[in-house]
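Below you'll find the structure, written out as structure tokens, and then a few comments.
Atoms considered below: every heavy atom in the structure, side chains included; atoms not considered: hydrogens, waters and symmetry mates. Predicted model only: the values in this text are computed from it and were never measured.
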Amino acid sequence: EEGLESPLVPIRPQGSKPPVFLIHPVSGHVHGYLRLAGHLDSDVPVYGLQSVGVLGGEPLQTMAEMAERYLAAIRTVTRGPYYFGGWSTGGVVGLEMARLILAEEEDAA
């Protein structure tokens, strides 16, 4: 959205395969995914989705708000297929993102 910082953190934006988006746990940070990115195929771009609150903005209050905001950010990079993952809060937000994508009859992996 215009005027708002993007929650996208390019961990390893290079690669020709569809990107993977890793959603923050309850801490809001994505630094826990840095080592994981090193174990993924080097031709797969990797992005983190960091909490808006970490960026100094007002934290989003609901899973639905997070899912919608993060999908908008992801769509600046790709229009699918969508590959994302997360643990803790990130897993729950990822599930909501998949639900939204499937409701729009798009492909979520």
Side-chain angles (χ1 to χ4, degrees):
E1 296 176 18
E2 194 171 318
L4 296 176
E5 286 287 324
S6 174
L8 276 179
V9 176
I11 295 173
R12 187 183 63 214
Q14 305 82 12
S16 63
K17 294 183 179 176
V20 171
F21 299 90
L22 302 171
I23 307 148
H24 66 83
V26 72
S27 69
H29 295 276
V30 295
H31 61 275
Y33 295 126
L34 297 178
R35 285 186 54 197
L36 173 62
H39 293 282
L40 298 175
D41 183 326
S42 63
D43 202 25
V44 174
V46 181
Y47 292 84
L49 286 155
Q50 181 167 260
S51 170
V52 176
V54 170
L55 302 170
E58 186 65 31
L60 301 173
Q61 299 299 309
T62 68
M63 293 295 158
E65 288 175 325
M66 284 186 248
E68 289 173 11
R69 177 76 186 277
Y70 298 168
L71 279 176
I74 285 171
R75 288 177 171 144
T76 67
V77 174
T78 186
R79 294 297 294 184
Y82 300 96
Y83 295 91
F84 37 78
W87 62 279
S88 180
T89 301
V92 178
V93 175
L95 183 61
E96 178 64 11
M97 291 167 61
R99 190 192 67 74
L100 291 174
I101 288 170
L102 293 173
E104 296 171 9
E105 297 185 5
E106 292 186 68
D107 186 23

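Contact between G28 and V54 at its shortest, heavy atoms only, is O-CG2, 3.4 Å. Shortest non-hydrogen contact noted between P19 and V77 is CG-CG1, 4.2 Å. The nearest pair of heavy atoms linking Y33 to G86 is OH-CA, 3.3 Å. Residue Y70 comes nearest to Q50 through the heavy atom pair OH-O, 3.9 Å, listed as atom of the first residue, atom of the second, then distance. Residue S6 comes nearest to A73 through the heavy atom pair OG-CB, 4.1 Å, listed as atom of the first residue, atom of the second, then distance.
Under the 4.5 Å side-chain heavy-atom criterion for ILVMFWY residues, no single connected hydrophobic cluster contains both V26 and V92. No continuous path of hydrophobic side-chain contacts links V20 to L95 [ILVMFWY only; heavy atoms under 4.5 Å]. Transitive grouping of hydrophobic side chains (ILVMFWY, heavy atoms separated by less than 4.5 Å) brings L36 and Y83 into a common cluster.
Between the NE2 atom of H31 and the CD1 atom of I11 there is a distance of 11.0 Å, given to the nearest 0.5 Å. Separation of atoms CZ (R12) and CG (D41) is listed at 7.5 Å; rounding is to 0.5 Å. Here the CE atom belonging to M66 is positioned 8.0 Å from the CD atom belonging to Q61, to the nearest 0.5 angstrom. Interatomic distance, E96 CD to T62 OG1, rounded to the nearest 0.5 Å: 8.5 Å. Here I74 contributes atom CD1 and T78 contributes atom OG1; the two are 9.0 Å apart, rounded to the nearest 0.5 Å.
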**Request:** Decide yes or no on side chain to side chain contact (heavy atoms under 4.5 Å, CB included) for R75 and L71, but give the supporting numbers first.
**Result:** CA-CA 6 Å; R75 288 177 171 144; L71 279 176; 4.2 Å; yes

**Item:** Verdict with reasoning, V9 to L49, per side chain to side chain contact (heavy atoms under 4.5 Å, CB included)
**Value:** CA-CA 6 Å; V9 176; L49 286 155; over 6 Å; no

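Aromatic ring pairs are classed by plane angle as parallel below 30°, tilted from 30° to 60° and perpendicular above 60°; the pair Y47 and F21 is parallel.
Exactly one of R69, E65, M63 qualifies for a side-chain contact (heavy atoms from CB on, under 4.5 Å) with V93. That residue is M63.
Side-chain contact between V30 and L22 is absent, with no heavy-atom pair separated by less than 4.5 Å.
Not a single donor-acceptor pair under 3.5 Å links the side chain of Y82 to the backbone N or O of P18.
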